[in-house]
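All ligand and atom numbering here is 1-based and tracks the order in the structure. This one's a predicted model, so the numbers in the text were calculated from it and none came from an experiment.
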Amino acid sequence: MYWLAAFLVLSVANGAYAQATAQSSVAPELRECYMDPNLVNRNNLPPTTMPVLIDIIRKIENNPNITLDLRMLSTQLLHTYRQDGIEYHQRSTNVAASSIVLPFAPTFHSFHRHRLLLRIIPSNQQVLPNNTLPSSLKCALHNMISTTVDARTRGDESTCGSLSQYRALRTVRSPRSRRSIDDDVEILDLKQLSEQKNGHMMQNEGDSDVEYAEDVSSRQLLGDSACPILTGVVNTRWGAVSAGNLIAGIAAGSESQQVPILELTKGSVLNYQNVQPTITTVYPATLSGDLAEAVLVQGTAGRTTISVGNAGNWNSSQATRFYMLSGRTNIEMTDPEIRGALDGFFLGTSLPDTLRTFGSLKLSQLLDMYYTPLNGVFNTNLRACNRRELSQQLVVTNNLVGETRAFTAALDTVLPLAGTLTGGIEGLVDNSITNLQNYINNNLNDINCMLTTSARLDTRLRTNLYIVLDGSWQYQAVYPAISHIVESIDVGHFGSSITLLSASDGSVLINQTFSPADFHTEYTQQRHLTFPTGVNLQTSFANIRMMMQNQLRNETTMNYVGGNSTVLLFLLSAGNIENNANVLAEHRLLTEGVPDLMLLFATALNQLENLSNLVREPVNDITTISLTTGGTNVVTTMTPVVVGIQNVGRRIINPLCGADFVASSSGTRVLTQYVDPGYINYYRISPNYFYDSNGNTRVRVSRTGGVGDLVICHSRAIAVPRQNETFASVETDAVTCQTLGGTGNVELNLQNACGGFGTIRACPPWFFSVEAPAITTNPTATCTDGTQCRFPYDVAYEIEIQDLQCFSSGTNVAASFAILLFGIVINMLRIL
Ligand SMILES: *[C@@H]1O[C@H](CO)[C@@H](O)[C@H](O)[C@H]1NC(C)=O
Ligand SMILES: *[C@@H]1O[C@H](CO)[C@@H](O)[C@H](O)[C@H]1NC(C)=O
Ligand SMILES: *[C@@H]1O[C@H](CO)[C@@H](O)[C@H](O)[C@H]1NC(C)=O
Ligand SMILES: *[C@@H]1O[C@H](CO)[C@@H](O)[C@H](O)[C@H]1NC(C)=O
Ligand SMILES: *[C@@H]1O[C@H](CO)[C@@H](O)[C@H](O)[C@H]1NC(C)=O
Ligand SMILES: *[C@@H]1O[C@H](CO)[C@@H](O)[C@H](O)[C@H]1NC(C)=O
Ligand SMILES: *[C@@H]1O[C@H](CO)[C@@H](O)[C@H](O)[C@H]1NC(C)=O
Ligand SMILES: *[C@@H]1O[C@H](CO)[C@@H](O)[C@H](O)[C@H]1NC(C)=O
């Protein structure tokens, strides 16, 4: 009765909020997602991937108008943006399209479970305001968490896998007579409650018994895609996941309660009496919800074995947007729904522990920690890669059986079905659970933790990447490659940024962004078609230099000591790129004026010889990439490019140098950085900051938070120095490492670091790294400021620079003058 009491209090305190997503029409604020052609076409929306979902959730968390904790936010997401089961309804060909009719409505079976769920996970708040997210992100989020199947024929069915499976289309359901679909889900008003307390069973007043046989049959006529699209699916490295189940599990776990079944069915007479009287919220939100759907839909179709699991795939390997099922039958508990249900169940049931460890954990962090290769949610076992083992450890069969039987009985009172089950529900439920367990153990072959750990990239990138793009690329060929880069370099709030520049003149095509969702929203095919074509390296270099030098001046204003790296990547499709003396001269001005800039080229035709004078190491820095439309070979072909970007260390600079490199000492300045256990950060100091350094030029690393030792390595020859690596062709003492405990610091002395090198250009940079060795114990929350660190278990450390200088490798007057001023006349000839 606790649940009932809580509801009563809420109803009294706040009044009842209408929940548009529970009503049997498309919620008003979601309608534009089905009306505006730009939003209807999902190719214009960001791809449905976990980093994009996390990014959108983080935007809501960072919205100053919204102050919701993890519990409230996950609930509000369900109430505001989730509306399952929205389907297209074909009009007869002889009926003209009506401007007052939207041919979409929530009629698929998943909707009915969703409505029950909104009662199980109530909200005492108004839904999030319509201006919380821009329309494109609102629709993307809606699509990512709302489960439905779009069975319309698209025309691309010949490419979507084996057709044999679904030829025998079976009508899996048609409406059972006189099932109410319009009962008002959200509101338990006081009158109703008191009547129920009196043992009075009554239906809600607004009820109307709507039959929609025609809608269903028209949909079935239409529904002949060999591989229907399953919506509400988010791609992760550990398989496609129904994010609605995931968020629902978290929301349910955050307010775990026992709900009386009769409360849920609003007094409808249960078809099956012999079930436990209450259900625990997390079950219907996750596993029991999908199992009950499968039992009821397949059971009323006359099956005696309940089939769970329906594989499918994305129709692209990059920028995934369309998840296509491999068949049309038994689609009540598809693979993504199984994964989402499991993940939601694990995160939901462990949430009390999680929040005990760290009470102000954000939803974005929870997802980020679970869908990441190492460390997990304050428990190294609680990771997506461990899904199968977790299902064996955490899902107690007896509990699942009891909960699923009970929820099946409840769902049966609201779900329109093609028949009436008059008995045998226990056997069907038991069968579905056995089949689910077998399916999880034998068929969900997602990458496991051992492989995940060994294959992971163990550095977190903070790269400001500028892609200089030739508009003559075909969008279908270059977009998958760029999407792959965006994901590989971790474009995100705590990671890298991306900017698109034009290869014809270096102008900005797409502004710098740290948001993958925003980037994908901007970089559409339509936008690409407006990009200038052609390559002019001379003009591009000149304009890019001016932009970057402005940035260096900005960095002086901001007192920026470093922490990000900068990479300029040319993606060129044309051959025979004009490279002459003027280009070389501009190139020299660029590299000398912006010393930390890393230049990489990736070209459709081999330009190794023609461009080799523009990079440091031609063989590594110039790549030939063969991109095809559809992006099937993207990962392989882009690997050298991605590795090139990943190997550029974060800059450490003297902010006073600006763009002019007028000599001045940095004095002592401090930069705070974070590293995850099991990860390593690489840094790079340009000789322009220590070429002729005095005896005080040094860098110190000291720990300021977190647990465990840090390992600090440095090298002059290896850009990514680390412990216990063997570097062929380099002397073994190329890397020096020191271990830093809880106190003290590691000091890197840069005095005379360019001794013996005649020019700044000849003197190699100073490379160093900070590594937090992997932990074997469960991580705790040590970084509690979620605006600073990505994960609460991050190890914080400080990099202190002392007396970095400014030396211009350029030939400009200001630099020479500065050097004169500093009385380093002797060195003039060496420097210039
Ligand atoms: C929500 O906002 C969008 C874009 O501003 C607008 O077009 C739409 O009409 C709004 N919907 C409602 C229900 O206010
Ligand atoms: C916050 O609310 C105000 C007033 O409604 C609005 O003008 C502003 O744009 C909102 N800010 C954000 C970030 O949505
Ligand atoms: C995937 O399928 C959708 C829907 O048919 C289509 O719009 C999109 O272009 C396809 N994507 C790829 C990469 O083939
Ligand atoms: C460096 O990266 C962080 C996020 O990774 C970002 O917040 C910051 O603005 C970046 N700084 C610069 C100067 O690009
Ligand atoms: C970049 O941002 C600026 C200011 O925010 C804006 O004026 C400009 O139009 C944007 N450029 C592009 C290409 O989006
Ligand atoms: C430099 O800062 C100014 C003002 O903050 C800003 O308008 C400009 O875009 C910045 N320039 C660069 C290249 O970041
Ligand atoms: C690069 O190719 C262009 C066009 O074919 C040619 O004019 C130029 O001389 C080449 N440059 C180099 C450095 O080979
Ligand atoms: C790395 O090298 C150090 C010192 O040589 C050694 O103590 C340590 O066990 C090595 N670690 C691994 C993983 O090989």
Side-chain angles (χ1 to χ4, degrees), residues 40-45 47-48 55 58-67 128-134 137-138 143 150-161 225-231 312-325 460-466 474-481 483 489-499 511-516 524-525 548 550-567 596 627-632 634 650-653 655 671-675 681 787-790 794:
V40 173
N41 181 355
R42 295 187 186 174
N43 290 306
N44 292 328
L45 300 179
T48 59
D55 187 41
R58 192 176 281 125
K59 280 175 193 286
I60 301 176
E61 290 169 342
N62 290 347
N63 186 320
N65 293 344
I66 293 169
T67 48
L128 296 169
N130 189 25
N131 68 354
T132 302
L133 290 171
L137 301 190
K138 173 176 73 179
N143 293 340
D150 185 346
R152 278 180 284 173
T153 313
R154 298 177 301 274
D156 60 5
E157 276 75 15
S158 61
T159 62
C160 63
S225 174
C227 42
I229 294 175
L230 178 67
T231 297
N313 223 327
W314 304 94
N315 72 340
S316 59
S317 57
Q318 304 302 320
T320 52
R321 293 185 168 93
F322 300 91
Y323 187 86
M324 296 177 179
L325 292 169
R460 300 281 189 196
L461 293 182
R462 280 199 163 189
T463 302
N464 291 328
L465 176 67
Y466 296 80
Q474 253 189 294
Y475 180 76
Q476 280 82 359
V478 80
Y479 175 67
S483 299
I489 67 168
D490 226 347
V491 168
H493 188 71
F494 295 104
S496 300
S497 73
I498 183 163
T499 314
N511 274 329
Q512 183 182 47
T513 177
F514 287 88
S515 159
T524 58
Q525 170 152 34
M548 300 267 173
N550 274 339
Q551 221 155 50
L552 289 173
R553 292 186 192 103
N554 273 12
E555 289 173 357
T556 305
T557 326
M558 299 184 317
N559 276 311
Y560 178 73
V561 183
N564 309 32
S565 53
T566 313
V567 176
D596 280 308
L627 301 178
T628 56
T629 59
T632 41
V634 159
R650 305 175 179 198
R651 295 194 293 152
I652 297 292
I653 66 168
L671 168 70
T672 300
Q673 297 273 283
Y674 300 89
V675 61
N681 292 338
T787 61
Q788 294 300 312
C789 40
R790 177 170 169 181
D794 279 351

Contacts of Phe322 that satisfy side chain to side chain contact (heavy atoms under 4.5 Å, CB included) - sequence neighbours left out: Arg42, Asn43, Ile229, Asn315, Met324
Structural part of Phe494 in contact with ligand 4, heavy atom criterion under 4.0 angstrom: backbone
Arg651: salt bridge (charged side-chain N to carboxylate O under 4.0 Å, His left out) partners, not counting sequence neighbours: Glu555
Residue list, side-chain hydrogen bond (donor to acceptor under 3.5 Å, both in side chains) with Arg462, at least two apart or on another chain: none
Ser496 (side chain) donor-acceptor with Asn464 (main chain) under 3.5 angstrom: no
Test of proximity, Gly495 against ligand 4: N or O pairs below 3.5 Å: yes
Under 3.5 Å: N/O of Arg462 near N/O of ligand 4: yes
Between ligand 3 and the protein, which N/O pairs are shorter than 3.5 Å?
residue  : atom   : partner : partner atom : Å
ligand 3 : 2 (O)  : Asn315  : ND2          : 2.2
ligand 3 : 5 (O)  : Asp156  : OD2          : 2.8
ligand 3 : 7 (O)  : Asn43   : ND2          : 3.1
ligand 3 : 11 (N) : Asn315  : ND2          : 3.1

Test side chain to side chain contact (heavy atoms under 4.5 Å, CB included) applied to Asn550 and Met548, step by step: CA-CA 5 Å; Asn550 274 339; Met548 300 267 173; over 6 Å; no
Heteroatom proximity flag, Gln512 to ligand 4, N/O under 3.5 Å: no
OG on Ser515 to CD1 on Ile498, rounded to 0.5 Å: 11.5 Å
Ligand-residue contact atoms, ligand 2 with Asn63, heavy atoms, under 4.0 Å: 12 (C), 13 (C), 14 (O)
